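To start, the structure under review is shown below, and the notes come after it.
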Number of protein chains: 2
Amino acid sequence: MSSVPGWANVNERRNLPPALAVSTVILGIREGQDGGPDKLCLPLVRRIREPHQGLWALPGGPVDAQESLGQAAGRNLAETTGLRPNYLEQLYTFGDIDRSPTHRLVTIAYFALLNANQVGTTVQDDNVAWFDIDDPAIAQLAFDHRKIVDYALWRLRNKTEYGQIAHRLLGERFTLAALRGVYEAILGRRLDPANFRRTLKNTATIEATDEYLAGGQHRPPRLYRYVGHGPDPLEVDPTQA
Amino acid sequence: MSSVPGWANVNERRNLPPALAVSTVILGIREGQDGGPDKLCLPLVRRIREPHQGLWALPGGPVDAQESLGQAAGRNLAETTGLRPNYLEQLYTFGDIDRSPTHRLVTIAYFALLNANQVGTTVQDDNVAWFDIDDPAIAQLAFDHRKIVDYALWRLRNKTEYGQIAHRLLGERFTLAALRGVYEAILGRRLDPANFRRTLKNTATIEATDEYLAGGQHRPPRLYRYVGHGPDPLEVDPTQA
DNA sequence: GAGACTTAATGTCAGAATGACTCTAACGAA
DNA sequence: TTCGTTAGAGTCATTCTGACATTAAGTCTC
């Protein structure tokens with residue numbers, strides 16, 4: 001008998017199909033300290049059983065028979081982290097034979113984005129914690145999850161469309177400076193504010209509102225809004241999940 | 001008992017994990033007739049059992065316990081079509097609950113490119129045939145395979161890197177005109193020969209050789225070669241498959 | 001209240017990239 | 001030898017891009 005329902009233990013694995021799981025790389029933005037640049041960060045869960053007990057890992061779990069893959073990803077990350085991201089995209093499916101030491105495991109990796117509010121309000125306990133993506137403590141993760149995180153970052157950096165990512169990592173309305181901070185965090189380098197503004201004005205998917213962000217210490221910036229939809233035909237609708 | 005090893009029939013499905021399969025969209029280039037443009041084409045196999053018996057479908061099959069996903073894709077397409085592509089890339093994993101009428105089926109779709117020689121020499125019989133991608137006969141395919149084909153075409157059109165696709169769909173050496181034909185087939189529009197030449201010369205991954213293609217009816221074109229490697233960190237090495 | 005300071009937003013300018021087009025070179029066919 | 005066709009190089013105007021300057025509009029300090 002296997003200790004995980006639906007999963008075969010090491011002695012049965014040759015005679016059964018691979019076990020199916022989903023894992024999600026959840027990325028959010030955290031404002032920089034002391035005027036430093038914003039940082040990308042992600043929540044991880046601690047493994048509470050073998051294999052890799054005690055190591056940090058991506059939130060995830062098995063796929064139920066009654067749910068689609070995207071629904072499985074949404075449900076698993078809600079159960080393990082309490083988060084409900086508003087963007088979910090399938091990343092890649094990892095299925096090397098030896099990626100788990102105890103059983104043959106095929107993992108469909110997803111990639112989620114959280115806005116700033118969601119990052120702040122998340123519960124943290126001994127088994128769930130947030131890390132900056134360059135934190136040395138997560139240089140190694142359980143299974144091949146470090147490779148999955150790296151691939152998610154690569155995908156994010158190679159996303160062409162500006163607005164798409166923008167309103168997912170920020171709120172419904174946002175300033176151009178905040179958006180620039182997001183892109184600087186993703187790309188890891190400074191961007192010229194004037195040129196950034198110019199290219200975004202040519203982007204049809206971002207639109208100025210009549211509102212300004214008051215309460216700052218300097219000239220109030222105008223708020224912008226995302227309109228339209230990206231070109232990827234297979235984006236998951238997380239409202240179904 | 002299920003008629004397919006490792007797969008549950010409809011009565012057992014609620015109690016077992018989803019069945020895992022791989023399917024591959026194999027794309028090749030066919031030279032245009034009567035001076036017309038080149039065309040993208042793909043081989044399909046006829047379903048010889050239910051569900052969807054008689055319909056055309058992507059080549060594929062189950063994932064064995066002893067092979068990686070890429071290996072499963074390479075093995076299945078070799079068994080069903082006799083083809084051994086030199087490029088294989090994971091596309092997307094399809095896992096909607098009702099995508100197969102008889103059992104819960106999760107399919108990891110792959111995307112392969114063949115060069116012109118391989119397209120010509122393929123065996124065709126009643127159950128394997130090549131179709132142009134705009135052939136009305138394949139407007140409908142078994143399962144959700146039409147959606148998978150459309151997504152493969154979308155991915156191909158959105159590939160940025162020129163040389164990568166080039167030497168996979170053509171041979172080791174190729175003329176710039178042949179490469180332009182490939183891109184015109186992919187993008188579905190004519191490209192200016194002079195400008196195409198210029199942009200390719202600025203592409204570091206394509207290099208001129210000292211050889212020329214003799215035997216044509218006009219001035220012999222120079223042969224070029226692909227050098228270097230694209231940026232995608234998760235490309236499958238098909239030599240392992 | 002008068003500056004100084006900081007950020008918002010616009011403008012300028014040179015170099016690179018792009019699209020449309022012209023011109024010459026090199027082959028086979030007539 | 002001439003012609004037709006493709007190979008390949010070059011031209012020019014437009015657009016895009018990065019670097020930088022300038023003005024606008026708030027808060028903070030004295």
Side-chain angles (χ1 to χ4, degrees), chain A residues 31-38 157-158 160-163 166 170-171 173-225, chain B residues 31-38 157-158 160-163 166 170-171 173-225:
Chain A
E31 278 186 29
Q33 312 293 329
D34 317 318
D38 293 356
R157 293 194 179 105
N158 285 280
T160 49
E161 226 258 278
Y162 274 72
L170 301 169
R173 283 138 204 272
F174 47 85
T175 69
L176 290 190
L179 182 52
R180 181 166 49 85
V182 169
Y183 274 87
E184 289 175 346
I186 291 174
L187 300 175
R189 62 188 167 91
R190 293 287 184 178
L191 299 173
D192 183 289
N195 295 336
F196 185 79
R197 173 182 306 273
R198 180 179 55 191
T199 33
L200 254 95
K201 285 204 159 180
N202 297 334
T203 302
T205 54
I206 286 193
E207 171 180 280
T209 70
D210 290 334
E211 297 171 61
Y212 294 81
L213 180 63
Q217 298 183 324
H218 304 290
R219 172 174 172 177
R222 184 188 285 267
L223 290 172
Y224 290 78
R225 173 176 51 206
Chain B
E31 279 187 28
Q33 312 295 328
D34 316 317
D38 293 356
R157 294 196 179 103
N158 285 281
T160 49
E161 225 257 281
Y162 274 72
L170 302 169
R173 282 139 204 271
F174 46 84
T175 68
L176 291 190
L179 183 52
R180 181 166 48 86
V182 169
Y183 274 88
E184 289 176 345
I186 292 174
L187 300 175
R189 61 188 169 91
R190 293 288 183 175
L191 299 173
D192 183 288
N195 294 337
F196 185 79
R197 173 182 306 276
R198 181 180 54 191
T199 35
L200 256 94
K201 285 205 159 178
N202 295 336
T203 303
T205 54
I206 285 193
E207 171 179 280
T209 70
D210 290 335
E211 297 171 61
Y212 294 80
L213 180 63
Q217 298 182 325
H218 303 290
R219 173 174 172 177
R222 184 187 285 266
L223 290 172
Y224 289 78
R225 175 175 50 207

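Values in this document were obtained by computation on a predicted structure and should not be read as measured data. A, B, ... follow the sequence lines: proteins, then strands. Residue 1 opens every chain.
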Practice item. May I have all residue pairs that pass salt bridge (charged side-chain N to carboxylate O under 4.0 Å, His left out) and include part of residues 174-186 of chain B, sequence neighbours excluded? Key: B/R180-B/E184, B/E184-B/R190

Revision key, fill the gap. Contact span of DNA chain C against chain B, any nucleotide atom under 4.0 Å from a heavy atom, 5' to 3', runs C/dT18 to C/dG28

Check your understanding: When rounded to the nearest 0.5 angstrom, what is the spacing between CG in A/N158 and CG in A/L187?
Key -> 9.5 Å

Point to revise | Non-hydrogen side-chain atoms of A/F174 and A/I206 separated by less than 4.5 Å | key: yes

Study note, to complete from the structure: Between the CG atom in A/D210 and the CZ atom in A/R225, the distance rounded to the nearest 0.5 Å is 8.5 Å

Check your understanding: Between OH of A/Y183 and OG1 of A/T199, what distance do you get to the nearest 0.5 Å?
Key -> 10.0 Å

**Study point:** Closest-nucleotide 5' rank along DNA chain C - winner of A/R219 and A/N195
**Key:** A/R219

Revision key, fill the gap. In this structure, CG of A/L179 is separated from CG of A/L191 (nearest 0.5 Å) by 10.0 Å

Exercise for review: Measure the spacing between CG of B/L176 and CG of B/L223 and express it to the nearest 0.5 Å.
Suggested key: 9.5 Å

Check your understanding: With sugar-phosphate meaning primed atoms plus P, OP1 and OP2, does B/A177 contact a base, only sugar-phosphate, or nothing at under 4.0 Å between heavy atoms?
Key -> sugar-phosphate

Point to revise | Span of DNA chain D, from the first to the last nucleotide whose atoms fall under 4.0 Å of chain B heavy atoms | key: D/dG4 to D/dT11

Practice item. Please tell me which of A/G216 and A/A194 maps to the more 5' nucleotide of DNA chain D, matching each residue to the nucleotide holding its nearest heavy atom. Key: A/A194

Revision key, fill the gap. Residue pairs passing the salt bridge (charged side-chain N to carboxylate O under 4.0 Å, His left out) test with at least one member in residues 191-206 of chain B, sequence neighbours excluded, are none

Practice item. Could you say whether B/H218 or B/L176 is positioned toward the 5' end of DNA chain D, judged by the nucleotide with the nearest heavy atom to each? Key: B/H218

**Study point:** Residues which pass side chain to side chain donor-acceptor pair (under 3.5 Å) with B/E31, listed by chain and number, not counting sequence neighbours
**Key:** none

Practice item. Mind checking the OH-CZ spacing from A/Y224 to A/R173? Nearest 0.5 Å is all I need. Key: 13.0 Å

Review point. Applying side chain to side chain donor-acceptor pair (under 3.5 Å), which residue pairs with at least one partner in residues 213-223 of chain B are found, sequence neighbours left out?
Key: B/Y212-B/R222

Point to revise | Five-pair end axes of the helix from C/dG1-D/dC30 to C/dA30-D/dT1, angle between them (10°) | key: 10°

Practice item. Looking at every strand, decide which applies to A/R222 at a 4.0 Å heavy-atom threshold: base, sugar-phosphate, or nothing. Key: sugar-phosphate

